[in-house]
Amino acid sequence: MEKMQSKMYDYICETPVVLKKMIENRKEITKEFVEHFKDVEIDQIYVIGSGTSYHAGVSAKKFLEEILGKKVFCMYPTQFARGEKVFNKKTLVIGMSQGGQSYSTVEGLDAAKEKGLYTAAVSENPTALIFEHAETKSLIVVGNEKCGAKTKGYAGTTMTLMLMVMELLVAKKEMTEEKEQEYIARMENVINNLSSVVKASTEWFRRIEKEFYGAKRIIVVGYDNNYGDVLEGALKILETIRQGVTGYDIEEFFHGIYNSITESAHLFYLASKSDYKPRTQKLIEILSEWTPHNYMISSPEDIEKHTEKDLICNFTEDDLFGQWEYIIPLQVVACLGSQNLGINPDIPKDPNFHRRIGSKKLDGIRDQYTDK
């Protein structure tokens with residue numbers, strides 16, 4: 001495999017390494033959170049964050065609700081702060097920001113406090129601003145990801161949320177250590193497959209890169225527990241390739257979006273194991289009459305036919321943790337596709353944008369994109 005130029009690709013490759021370390025160090029990572037809330041009765045949880053942090057919450061939601069047996073809501077911080085009415089005071093609000101300096105997440109946490117709710121903050125940055133606005137702080141132990149488009153931080157944020165809640169339930173004796181080990185084994189099974197997915201995704205992109213070069217309209221379609229990947233994959237490609245990209249749940253796509261497809265549209269389909277997989281193949285069959293640019297990402301099982309444009313890979317198809325696999329092909333597209341256009345995916349179009357617009361506290365903190 002040829003040497004890649006960007007940190008972004010290196011971070012994609014590091015994902016399985018950091019996830020394994022997080023599992024090994026889960027007691028330390030979650031200690032403050034668990035100690036603070038182990039004797040607190042929590043009836044429901046809100047996970048608030050923007051961009052990748054929000055998508056990580058969406059990806060963790062199914063697992064969290066399965067182990068809690070309680071409702072988990074994922075919201076953007078400003079929507080929570082300015083529009084959400086919470087009637088149950090036994091509500092925990094978890095604010096997430098990988099860089100930790102987001103004013104909107106601060107606003108959400110402050111609103112939760114004003115409502116008399118419990119608060120916790122999650123960030124990779126040890127000196128995060130959001131840590132000053134919550135009862136507890138938990139670190140996303142992935143290292144300082146010096147790249148505007150986060151990759152390993154997406155999986156790392158999802159993992160952090162999962163470990164926090166799982167360890168809390170163990171401490172409360174609401175989950176046995178044997179059950180925890182079952183979940184850990186499933187996590188590790190997925191993690192052990194990630195490097196092969198990166199390799200397969202890279203080889204696949206090399207097959208489609210000439211066709212994909214210069215794409216102006218890109219759509220990501222998926223379903224079930226990969227919906228977080230649909231949103232995150234669309235964001236990653238949009239951030240780096242800097243063209244029009246949207247992501248849709250497949251059923252939403254059926255309800256009107258299909259009308260807009262022309263021969264210039266490029267569509268990526270996350271065809272994970274589901275009763276929607278045959279319908280995805282039917283959708284590709286129909287849309288192939290309208291555009292030649294269809295790229296299916298799937299395991300080989302139950303595939304009626306495929307082309308060299310498709311990524312047919314041995315995914316684990318774990319319905320709780322498989323989202324760590326299915327995001328990788330889209331991260332690879334975002335990274336290598338932008339490099340083909342002469343764009344460094346590590347650096348945003350305007351590194352000073354958040355300072356200029358006033359959306360993050362950036363003065364006096366580490367540089368996000370260099371080693372300074």
Side-chain angles (χ1 to χ4, degrees), residues 1-19 51-52 55-56 59 142 145-156 158 190-215 218-222 226 228-243 245 247 266-272 293-300 306-316 322-347:
M1 188 182 301
E2 67 181 277
K3 176 68 176 177
M4 301 300 159
Q5 299 175 353
S6 67
K7 292 188 180 78
M8 184 178 179
Y9 189 85
D10 293 337
Y11 293 145
I12 296 170
C13 294
E14 289 171 13
T15 300
V17 176
V18 299
L19 293 183
T52 295
H55 303 156
S59 283
V142 296
E145 197 169 1
K146 301 179 181 69
C147 184
K150 309 301 184 188
T151 53
K152 63 178 179 177
Y154 170 64
T158 304
V190 175
I191 293 168
N192 289 336
N193 196 44
L194 294 182
S195 293
S196 65
V197 175
V198 174
K199 183 176 185 296
S201 298
T202 304
E203 293 170 352
W204 161 70
F205 180 78
R206 293 310 182 196
R207 296 199 304 270
I208 68 169
E209 62 182 332
K210 289 184 179 178
E211 177 177 339
F212 185 68
Y213 184 85
I218 304 158
I219 296 172
V220 182
V221 178
N226 278 339
D229 286 352
V230 169
L231 299 176
E232 177 66 6
L235 175 62
K236 286 290 93 76
I237 297 171
L238 185 153
E239 282 183 288
T240 57
I241 292 177
R242 299 169 190 173
Q243 294 294 343
V245 188
H266 291 246
L267 292 100
F268 294 93
Y269 308 84
L270 301 185
S272 54
H293 312 301
N294 296 282
Y295 315 101
M296 179 170 58
I297 299 168
S298 184
S299 295
H306 66 88
T307 72
E308 283 296 300
K309 297 179 185 180
D310 301 325
L311 170 57
I312 307 302
C313 180
N314 290 317
F315 296 104
T316 65
Q323 60 271 35
W324 295 335
E325 296 175 297
Y326 270 92
I327 189 57
I328 285 177
L330 300 177
Q331 291 174 338
V332 169
V333 168
C335 178
L336 303 188
S338 59
Q339 290 181 173
N340 283 353
L341 295 170
I343 297 170
N344 183 346
D346 298 343
I347 309 296

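All figures in this text were calculated on a predicted structure; none of them were measured in a lab. Heavy-atom basis, side chains included; hydrogens, waters and symmetry copies ignored. Counting begins at 1 with the first residue of the sequence.
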Rounded to the nearest 0.5 Å, how far apart are CD1 of I343 and SG of C335? 11.5 Å
For E232, salt bridge (Lys or Arg N to Asp or Glu O under 4.0 Å) partners two or more places apart: K236
Residues in side chain to side chain donor-acceptor pair (under 3.5 Å) with S195, at least two apart? none
Lys/Arg N to Asp/Glu carboxylate O, R207 vs E203, below 4.0 Å: no
Could you check if a side-chain atom of T15 sits within less than 4.5 angstrom of a side-chain atom of W324, using non-hydrogen atoms only? no
T151 meets the side chain to side chain donor-acceptor pair (under 3.5 Å) criterion, sequence neighbours left out, with E145
Only counting residues at least two apart or in another chain, list the ones meeting side-chain contact (heavy atoms from CB on, under 4.5 Å) with S196. N193
Residues that F205 engages under ring-ring contact (aromatic ring centres under 6.0 Å, His included), provided they are two or more places apart: none
Can the ring centres of H55 and Y154 be said to be less than 6.0 Å apart? no
Under the side chain to side chain donor-acceptor pair (under 3.5 Å) rule, collect the residues that match up with R242, sequence neighbours excluded. none
Give the intermediate values and the outcome of side chain to side chain donor-acceptor pair (under 3.5 Å) for residues N340 and E209. CA-CA 8 Å; N340 283 353; E209 62 182 332; 2.8 Å; yes
Please list, chain by chain and in numerical order, all residues satisfying ring-ring contact (aromatic ring centres under 6.0 Å, His included) with Y269, sequence neighbours excluded. none
Could you walk me through whether I297 and L330 pass side chain to side chain contact (heavy atoms under 4.5 Å, CB included), step by step? CA-CA 9 Å; I297 299 168; L330 300 177; 4.1 Å; yes
Gap between atom CE of M8 and atom SG of C13 - 0.5 Å precision: 11.5 Å
Restricting to ring-ring contact (aromatic ring centres under 6.0 Å, His included), what partner residues turn up for Y11, sequence neighbours left out? none
Going through the checks in order, is the side chain to side chain contact (heavy atoms under 4.5 Å, CB included) test met by I219 and F268? CA-CA 6 Å; I219 296 172; F268 294 93; over 6 Å; no
Residues at least two apart in sequence or cross-chain that pass side-chain contact (heavy atoms from CB on, under 4.5 Å) with N314, listed by chain then number, are P300
Residues that S299 engages under side chain to side chain donor-acceptor pair (under 3.5 Å), provided they are two or more places apart: E317
Between T158 and Q323, is there a side-chain donor-acceptor contact under 3.5 Å, judged purely by atom types and distance? no
